[in-house]
Visitor: 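Once you've had a glance at the structure underneath, I'll fire off some questions.
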Amino acid sequence: MAGGLSLVNAVSGDSDNHDPATVSPSPGDGGGQNRSAPSRSPSSSASGALPLVIRVTGPATNVVVRVATTGEILTQALLSTGDTRKYEQTPLQVVATNGGALEVMIYGRKWPPKPSGSRGQWFVSAKK
């Protein structure tokens with residue numbers, strides 16, 4: 001995976017970036033902002049689960065993830081089938097051009113899929 005992160009860092013120009021997004025690189029990644037940080041696997045229990053994990057299970061789709069309070073964009077990219085992003089920061093706003101192409105886990109809970117081809121939106125609040 002270190003080689004994959006080096007490739008992502010070389011493409012994005014970020015060598016020491018510590019953003020909360022984790023990249024699972026795949027051949028033919030659609031580009032865009034692909035910032036990454038060291039990967040940490042979410043716990044199997046909901047209490048230790050990451051605030052947000054998204055995985056592209058359908059066709060490639062444009063995804064934007066931003067911090068709701070500051071507007072900082074964490075991801076703005078065309079994500080390919082099999083791509084996974086993990087986020088530790090909250091609160092988050094998530095928008096996907098094709099919401100039906102994503103599997104969305106918020107604090108360890110899998111959300112029902114959106115209709116294929118329709119815009120998908122999710123909000124990840126700060127854990128109480």
Side-chain angles (χ1 to χ4, degrees):
M1 176 138 168
L5 286 176
S6 296
L7 176 62
V8 170
N9 290 337
V11 171
S12 68
D14 297 333
S15 58
D16 291 316
N17 198 329
H18 297 289
D19 283 343
T22 300
V23 176
S24 294
S26 65
D29 194 354
Q33 279 185 311
N34 289 317
R35 298 189 231 173
S36 62
S39 177
R40 286 186 282 247
S41 298
S43 168
S44 58
S45 70
S47 63
L50 291 173
L52 175 65
V53 178
I54 56 176
R55 182 170 20 140
V56 182
T57 57
T61 188
N62 286 302
V63 176
V64 177
V65 178
R66 77 177 68 224
V67 179
T69 53
T70 65
E72 177 188 3
I73 296 174
L74 302 178
T75 299
Q76 182 173 5
L78 177 66
L79 302 184
S80 300
T81 305
D83 284 351
T84 298
R85 299 289 191 272
K86 299 176 183 181
Y87 303 87
E88 295 180 4
Q89 195 167 352
T90 59
L92 298 172
Q93 295 172 321
V94 182
V95 178
T97 304
N98 180 1
L102 297 183
E103 177 182 275
V104 177
M105 300 274 295
I106 299 177
Y107 292 110
R109 178 178 168 234
K110 184 176 176 180
W111 286 80
K114 302 288 184 183
S116 183
S118 68
R119 176 182 168 105
Q121 295 183 0
W122 298 267
F123 183 79
V124 181
S125 60
K127 188 90 171 181
K128 294 179 183 181

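A quick note: this is a predicted structure, and the numbers were derived from the prediction, not measured.
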Visitor: Mind listing the closest non-hydrogen atom pair of T61 and A101 along with its distance?
Guide: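 Distance-wise, the nearest heavy atoms are CG2-CB, 4.1 Å.
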Visitor: Any side-chain heavy atom of L102 sitting closer than 4.5 Å to one from W122?
Guide: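 When only atoms from C-beta onward are counted, W122 and L102 do touch, with a gap below 4.5 Å.
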Visitor: Check for me, please, whether V56 and W111 land in the same ILVMFWY cluster - side-chain distances under 4.5 Å, paths through other members count.
Guide: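 Yes, V56 connects to W111 through the hydrophobic network.
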Visitor: Between L52 and V65, what is the shortest heavy-atom contact and its length?
Guide: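 L52 and V65 have their closest heavy atoms at CD2-CG1, 4.3 Å.
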Visitor: For the backbone of S125 and the side chain of Y107, can you confirm whether one donor and one acceptor N or O come within less than 3.5 Å of each other?
Guide: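 Judged by distance alone, yes, a pair lies under 3.5 Å.
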Visitor: Ignoring hydrogens, what is the shortest heavy-atom contact between L92 and V67? Give both atom names and the distance.
Guide: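 Heavy atoms of L92 and V67 come nearest at CD2-CA, 4.1 Å.
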Visitor: Between the side chain of T81 and the main-chain N/O of G58, is any donor-acceptor distance below 3.5 Å?
Guide: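 Yes; judged by distance alone, with no hydrogens or angles, the pair exists.
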Visitor: Kindly compute the distance separating OG1 (T97) from CG (L79), expressed to the nearest 0.5 Å.
Guide: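 Taking OG1 in T97 and CG in L79, the distance rounds to 10.0 Å.
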Visitor: Closest heavy-atom contact between I106 and V104?
Guide: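 Closest heavy-atom pair between I106 and V104: CG1-CG1, 3.9 Å.
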Visitor: How long is the gap from CZ on R55 to CD on E103, to the nearest 0.5 Å?
Guide: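 Separation between the atoms: 4.0 Å.
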Visitor: I need the single residue from N62, V64, V63 that forms a side chain to side chain contact (heavy atoms under 4.5 Å, CB included) with Q76. Which is it?
Guide: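 For Q76, the side chain to side chain contact (heavy atoms under 4.5 Å, CB included) check succeeds only for V64.
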Visitor: Mind checking whether Y87 and T75 have side chains closer than 4.5 Å, heavy atoms only?
Guide: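 Touching, per the 4.5 Å side-chain cut-off.
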Visitor: Can you name the closest pair of heavy atoms from T84 and K86 and give their distance?
Guide: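 Distance-wise, the nearest heavy atoms are CG2-CE, 4.2 Å.
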Visitor: How far apart are the closest heavy atoms of P91 and T69, and which atoms are they?
Guide: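 Distance-wise, the nearest heavy atoms are CG-CG2, 3.6 Å.
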Visitor: Do V95 and L74 share a hydrophobic cluster, counting only Ile, Leu, Val, Met, Phe, Trp and Tyr and linking them when any side-chain heavy atoms are less than 4.5 Å apart?
Guide: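 No.
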Visitor: To the nearest 0.5 Å, what is the distance between CZ (R119) and NZ (K114)?
Guide: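 Atom-to-atom, R119:CZ and K114:NZ are 11.0 Å apart.
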